[in-house]
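The block underneath contains the structure these notes are about, expressed in structure tokens.
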Amino acid sequence: MGTALIYDEEMTNYKLLWVDPACKIEVPERLTVSYEALVESGLADRCMSIPVREATDADILLVHSEDYLDAVKTTPYKTLEELKEFTLQFGDVYFHPNIYHCAKLAAGAALQLVDSVLTGKMRNGMALVRPPGHHSMCSAASGFCVFNNVAIAAKYAKQKYGVKRVLIVDWDIHHGQGVQYCFEDDPSVLYFSWHRYEHQKYWPHLRESDFDIVGKEKGAGFNINVPWNKVGMQNSDYLSVFFHILLPVAYEFSPDLVLVCAGFDSGIGDPEGKMCATPDIFAHLTHLLMNLAGGKVCAVLEGGYNLTSLAQSVCQTVQTLLGDPVPRPSNLDGPCKSALESLHCVRSAHRRYWSSIRHAADLPSCEISTKHIKLAEDKLDKEEEEKSAEEEVWPQPPKRVPSAIRTAVVLPEGVACPDRCKCLMSAEDPDPLIANKFRENFLKDADDSDALTTLSSLIALAERMEKNEICSGLALVRDISMAIMCVIQHTAAALSNRVLVVCVGDGKVPSHGTDDGKTLVVQFSSKKSEEQKCKYYIPVCLKKGCQDASGFMQAVLGLLLPLGYEYDPSLVLLVKMPDSGLCDTVWKQLIGLLQGLAQGHTLVLMQDVERACVGPTASSLLGDAAPSLGQLHAPLPEDVEAVESLRHRLKADWKLLQTTAPETRGADEH
Ligand code: SS9
Ligand code: ZN
């Protein structure tokens, strides 16, 4: 099942016909540069191209009023003066004789995408459209938007396919108020938006874009606003919000479909957003959503006004949807103070609705975020020398070259090689050099030729992963401890290598040499281990071990991923201990999420008895979407306590674990 790409050049056939500084950035080239970048990189060819269609009146009326539709229908016949006049009743939008046609195609493109994904023809996809949609309201155009493409798509998916829960992730830098208004009392659609806000000083200047607007009536809790109160937000700020708000809530919600309001004005260089997240961040945002809803992710273009940044970001998104390994995350030096304040505010506003964040701290009664502290800061901001966003420079994202072999396996005799995998079991004799080293280091007492063969195949696998000939691997071994030691010693020997060892289940993990920072060990188990001594050995003790999906996912999203991203390993060694208690679906989620690290270089070790797990593991390593976990219940209080106390203890060392701003010393620090 592939990736759909929906595009039609016709949507470049309208433009601003008069002078309006607010609208001059919304140009037809936005679409052509994006599409050409996909063609030139060879990505377009790897997608299935699906034709657009015009949304019907019935489709449009799912969201918009008849009066508004009728009004828009008259625009193709208006003179220039009449168009200008018509435009005046709305904010930051322009009309053109052909925009109605394009707006029908844009909405229709989103529906074609939803059709291809929900019929199962396609796994996921992206629609490149103009005009964008997320600002348009029931009876009004706004912010370059005419019809609300994504809102229409969500209603359509519910109506035509009986989809129960839709998650809309709006990573555009503007608040999609049109989407918010459309679903504010609807608990079947969870709307998440982050947006430049600056305490309401930024467009569209709405009180209802703030963090405390959470939805109404039955829909309370199903509207999540993350206001950015400063410009210059970076990769760490975006990822922190994913780890500590969006993902825990999204997993608890368990959508059947994920729609992305994929605006790229949140990327570096954009004249509107003025943020500093690099194009590769969109690979990670996409990847982190791809294990929700069984992988059914539909991205629909919204904003993006720096043509270079836009084209690069679109490519990162599509390449990730195609399943290529994601690049190593860059510039993760922790969230800034303002981002942490926003995060804290959002978590406290939503903790009553979502058990996955119920433990979050309440806001101090003085209320940290809103106006008052800010007035003083704003003075400072004005003094800052303003650099125009277009002058921003950033390196081109490195080419993502997929390995020749996606997944290789080392299996004992008699275990069949799973489909689509390369079997590395050495019929050949092990490399004599390596063999000797093993005899000396590990096999002193036993002259076990089976073990020797397995271990040397394992090292060969690790070596080929390091050379990027193989992306991921799986090995069944007799002695897990020994295998871990082998891989660690071998890999960590190279100067720049770091290994993240993730261990699920009880049993001793060789923590030898974990204090030099070359390995970071995170172990999930039900056994309380001795007091933690080392920054690089992190035992996570869960009451039922790995059996409880809620507690386990809480630890994965809130602890393991932030640690892993900040650590930025060159290899992830994922170890499943015998009797881990982890069920296949949770295991698949874990593998899927961990592949955001180390360019997808994940090496899985399991005991040779776990043959039944070979198939599911291989499938996840190959990039198949993990099945949905279903709506999660509240995690056990003991598990919450365990994860939270670890997070608090570790957050001084690992900044991505922070969820609140460090205390300010005095009231008039500014
Ligand atoms: C603020 C003007 C904002 C509207 C932008 C709409 C973007 C839609 N300087 N203009 S993604
Ligand atoms: Zn925007």
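These numbers were taken from a predicted model, which means no experiment stands behind them. Below, all heavy atoms of this structure are taken into account, side chains as well, without hydrogens, waters or symmetry copies. Counting starts at 1 for both ligands and their atoms, following the listed order.
Looking at Asp265 and the Zn ion (ligand 2) together, the shortest N, O or S contact belongs to OD2.
Considering Val314, Leu321, Leu38, Thr317 in turn, Leu38 is the only one that fulfils the side chain to side chain contact (heavy atoms under 4.5 Å, CB included) rule with Leu43. Applying ring-ring contact (aromatic ring centres under 6.0 Å, His included) to Phe147 and the options His135, His134, His64 leaves one that passes, His64.
The minimum heavy-atom distance between Thr12 and Arg130, with the atom names listed, is CA-NH1, 3.6 Å.
Between Lys158 and Asp256 there is no salt bridge, since none of the side-chain N atoms of the basic residue sits less than 4.0 Å from a carboxylate O of the acidic one.
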Considering only N or O atoms, set out every pair between ligand 1 and the protein closer than 3.5 Å, with distances to one decimal place.
{"from": "ligand 1", "atom 1": "10 (N)", "to": "Asp92", "atom 2": "OD2", "distance (Å)": "2.6"}

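Here His284 and Tyr238 keep their ring centres 6.0 angstrom or further from each other.
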Evaluation steps, side-chain contact (heavy atoms from CB on, under 4.5 Å), between Tyr100 and Leu69: CA-CA 10 Å; Tyr100 170 53; Leu69 175 56; 4.2 Å; yes
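Not one N, O or S atom of His135 sits under 2.8 Å from the Zn ion (ligand 2).
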Review item, side-chain donor-acceptor pairs of residues 258-265, under 3.5 Å, at least two apart:
{"from": "Asp265", "atom 1": "OD1", "to": "Ile173", "atom 2": "N", "distance (Å)": "2.8"}
{"from": "Asp265", "atom 1": "OD2", "to": "His174", "atom 2": "ND1", "distance (Å)": "2.9"}

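Here the angle at the Zn ion (ligand 2) defined by ND1 in His174 and OD2 in Asp172 stands at 150°, rounded to 10 degrees.
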